[in-house]
2 protein chains.
Amino acid sequence: MTLTSSIFNVEAFREALRNSTTSGVSVVTINEVAREAGVSISTVSYALSGKRSVALETRQRIEAAVARLEYSPNASARMLAGRRTNIFAVTEPMRSDTHIPTHMAFVLATAVAARRHDYDILLLTEEQARLGMSRVASTGLADGILVLDVAPNDDRVALARSIKTPTVFIGVPDDHDGLLCVDLDFESAAREAVDRLADLGHTRIGLLGMTETAYETSNFAPRVRSAALARAAERGVQIEFRTTGHIQTDRTGTRAALVELQKAGVSALMFHCTQEAQSVVVGELLDQQVQVPYDISLISVAASFDIDELPLPIDVIPLVPAESCELAVELLLSSLSDEPPEPGLRLIPPRYAPRGTVGPRIA
Amino acid sequence: MTLTSSIFNVEAFREALRNSTTSGVSVVTINEVAREAGVSISTVSYALSGKRSVALETRQRIEAAVARLEYSPNASARMLAGRRTNIFAVTEPMRSDTHIPTHMAFVLATAVAARRHDYDILLLTEEQARLGMSRVASTGLADGILVLDVAPNDDRVALARSIKTPTVFIGVPDDHDGLLCVDLDFESAAREAVDRLADLGHTRIGLLGMTETAYETSNFAPRVRSAALARAAERGVQIEFRTTGHIQTDRTGTRAALVELQKAGVSALMFHCTQEAQSVVVGELLDQQVQVPYDISLISVAASFDIDELPLPIDVIPLVPAESCELAVELLLSSLSDEPPEPGLRLIPPRYAPRGTVGPRIA
DNA sequence: TTGAAAGCGCTACCAA
DNA sequence: TTGGTAGCGCTTTCAA
């Protein structure tokens, strides 16, 4: 059961000494497991990683030893020897003018997607969104980097180009040459929404968008708006665009926008705004006894929340954080492999989920 | 400038070979810096860590070499040799019935506080909040653990007791024997609010609280309510308690609660609810031309947002995430030191910030 | 003030 | 199918 030979074993003695003098409970290492199982440490390593076949009986002995000693391999040692930290960094500035729940949904989705592939997420926010990015790259703390809350003109684009750590953007910056970017195809989504309404005879469509500032600081708000406007022009329909108010304290902006849109005589409403705003508008319409879709058609574009939580669930082209983040993680993983992916955009095709809130325009 | 001796240097040759055959740019190690500066690696290490004095001239030579080679020490190697990962794990389940912006504020605050002490944050959410906690403990991935979104009856309490990795709770679970917990002293805060109002003659106070579920799943909502009720009873004043509605879609619950409280004839309002809810109520009062504090007094208890973003800034006892998290990080650090702190509660005394919205009751 | 060298606890190559 | 062992790139003791 032990490898100790009949003569005095200096190594074993030293180790015993080390473990006994350590304060408190000594941490179990692969050496102890090997001794306990009567095999070499390499066999233990292979038995646990499965990278080499190990005789059934041997493996069982090792597993028993692992269980008995409650061994778990030391993360730092694995990182150093294995040249992988199994950590991805997520850089998310969390600018104060953003809608926190939406951004949080993406951060959480990266964590879930990463764990699926045995990776953990290191969170870089505030000023560390930029500083931390080069730091984790140069120290090798992270094997890859996920970039969230991408601005049209984002510092992190230049940073990403200057480091060798694989980096994937979730969102599309204006200048994305040579970068790997994952995102919903917002333009297609916006066009599809316009088309659906135009096909049904709507000629005057309200678009309730995000806050003013979102159209300067986010990469996707302007993409939805401009694609919608362009397609509307092609289809000969008119779009009335309105923004919603301040994120946390808006109590009038959204209602005011609805009033304006109704005055403008729109027969359909496209939403590209927060759950809160959509909840207010839909609730208001219900209060007004408006018949949906008879009096007005409703579509939500790129909603990243559960549409069925609205007072009335409406047609939606969902933005699924889990989907973007899962793809981003897979790209990062394959960037670490032998055949790294080509740089470029990976736009996820929109999927339309009907709820019966879109109908023909009633003259 | 080089240590290569006149005879063939096998080691140097091997290393050159390794570096040249590596795909792409080889990563600079401490060995290269040492050679470049003409010193030993231990001197480089000490020069960079400052743990041993190094002659000025030597240090400068090393710094120059570091700059020239763009060296940064490998994180994994440091972790293994230094027996510190410089990573703290944050466990935050992010239950869907919670107010995301509030919870996010705490996560961000831990990240900022940790960086101040050269630590990074590993984010454990969803099911990893529990699984990840034991994992990072047993693998030594994190040097310490911060527990967020603490439930009154939290699984992670038992977990924390079963691991040897230092753990600090931000929030107070019902059973907190032997744990290190940091939090605002919610009870004191609630009592102080009640006292201020009672002192000014108010005998009927409205308390607008969080959602129903928060009083079962959060550790602090019930603490505020029960402390307020208890003190009110002592002072002989009456508290009308109301909850607000669903977090993301509440468009009527809050208004309804306000109407009820006004009907009940309260002369003062204590808030312990979201920024959104407080924003709605304060805005509504302004619309009603209610004079504050002449007609009604307003106090916000344990608000973790910027009170000055409300339509009318009101008296507040702020809950400052940065403060709790900074203290929690410091406790974690000292848990790693030679004199670890005593377990127990660390309740932060409330501070009252007046805005002129509390006045005497007008009969 | 500095250097040599023994680890840290693994992974993975090379032999057997 | 298994074992021996050379690293991985640092930190830190022990000597000089």
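- Applying the ring-ring contact (aromatic ring centres under 6.0 Å, His included) test to every pair with at least one member in residues 109-144 of chain B, sequence neighbours left out, gives these pairs: B:F88-B:Y119.
- Applying the side-chain hydrogen bond (donor to acceptor under 3.5 Å, both in side chains) criterion to A:T125, with sequence neighbours excluded, gives no partner residue.
- Between the P atom of C:dG9 and the CE atom of B:M79 lies a distance of 15 Å, rounded to the nearest Å.
- Atom CG of B:N86 and atom P of D:dC10 are 15 Å apart (whole Å).
- Although no hydrogens or angles enter the test, the distance criterion places no donor-acceptor pair under 3.5 Å between the side chain of B:D183 and the main chain of B:I170.
- Between B:N74 atom CG and D:dT11 atom C1' there is a gap of 13 Å when expressed in whole angstrom units.
- The separation between B:N31 atom CG and D:dC10 atom P is 8 Å, rounded to whole Å.
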Should B:E36 and B:R61 be marked as a salt bridge (charged side-chain N to carboxylate O under 4.0 Å, His left out) after you check the CA-CA gap, both sets of side-chain angles, and the distance that decides it? CA-CA 9 Å; B:E36 176 85 6; B:R61 214 143 28 91; over 6 Å; no
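- In this structure, the side-chain hydrogen bond (donor to acceptor under 3.5 Å, both in side chains) partners of B:S42, at least two apart in sequence or on a different chain, are B:S40.
- Side-chain proximity of A:A81 to the nucleotides C:dT2, C:dG9, D:dG9 is greatest for C:dG9.
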Could you list the protein-to-nucleotides 3-5 of chain C atom pairs, N/O on both sides, closer than 3.5 Å?
| from | atom 1 | to | atom 2 | distance (Å) |
| --- | --- | --- | --- | --- |
| C:dG3 | OP2 | B:S40 | N | 2.9 |
| C:dG3 | OP2 | B:S40 | OG | 3.1 |
| C:dG3 | OP2 | B:T43 | OG1 | 2.6 |
| C:dG3 | N7 | B:S42 | OG | 3.3 |
| C:dG3 | N7 | B:R52 | NH2 | 3.2 |
| C:dG3 | O6 | B:R52 | NH1 | 2.6 |
| C:dA4 | N6 | B:S42 | OG | 3.3 |

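- Along DNA chain C, the nucleotide nearest B:G82 and the nucleotide nearest B:R59 are compared for position; the residue whose nucleotide lies closer to the 5' end is B:R59.
- In this structure, B:R346 has no side-chain hydrogen bond (donor to acceptor under 3.5 Å, both in side chains) partners at least two apart in sequence or on a different chain.
- OP1 and OP2 of C:dC10 both lie 4.0 Å or more from every side-chain N or O belonging to A:S45.
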Listed pairs under 3.5 Å, donor-acceptor, residues 126-134 of chain B side chains, sequence neighbours left out:
| from | atom 1 | to | atom 2 | distance (Å) |
| --- | --- | --- | --- | --- |
| B:Q128 | OE1 | B:G132 | N | 3.3 |
| B:Q128 | OE1 | B:R135 | NH2 | 3.1 |
| B:R130 | NE | B:D155 | OD2 | 2.6 |
| B:S134 | OG | B:L131 | O | 3.2 |

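- For the pair A:L80 CG and C:dG7 P, the computed distance is 17 Å after rounding to whole Å.
- If you measure from atom CD of A:E32 to atom P of C:dC8, you get 11 Å, rounded to the nearest angstrom.
- Applying the side-chain hydrogen bond (donor to acceptor under 3.5 Å, both in side chains) rule to B:R84 yields no partners; only residues at least two apart in sequence or on another chain are considered.
- For the OP1/OP2 pair of D:dT11 and a distance below 4.0 Å, the side-chain nitrogens and oxygens of B:R78 include at least one atom meeting the criterion.
- Comparing the start and finish of the helix from C:dT1-D:dA16 to C:dA16-D:dT1, five pairs each, the helix axis swings through 40°, to the nearest 10 degrees.
- Rounded to whole Å, atom P of C:dT2 lies 20 Å from atom CZ of B:R35.
- Look at A:R83 and you won't find any side-chain N or O under 4.0 angstrom from OP1 or OP2 of C:dT11.
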Using a 3.5 Å cut-off and no angle test, enumerate the donor-acceptor pairs between side-chain atoms of residues 157-169 of chain B and protein atoms at least two apart in sequence or in another chain.
| from | atom 1 | to | atom 2 | distance (Å) |
| --- | --- | --- | --- | --- |
| B:R161 | NE | B:D177 | O | 3.3 |
| B:R161 | NH1 | B:D175 | OD2 | 3.1 |
| B:R161 | NH2 | B:D175 | OD1 | 2.8 |
| B:R161 | NH2 | B:D175 | OD2 | 3.4 |
| B:R161 | NH2 | B:D177 | O | 3.0 |
| B:S162 | OG | B:L159 | O | 2.8 |
| B:K164 | NZ | B:A137 | O | 2.7 |
| B:T167 | OG1 | B:T165 | O | 2.9 |

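- As a whole-Å value, the separation of B:K51 NZ from D:dC10 P is 14 Å.
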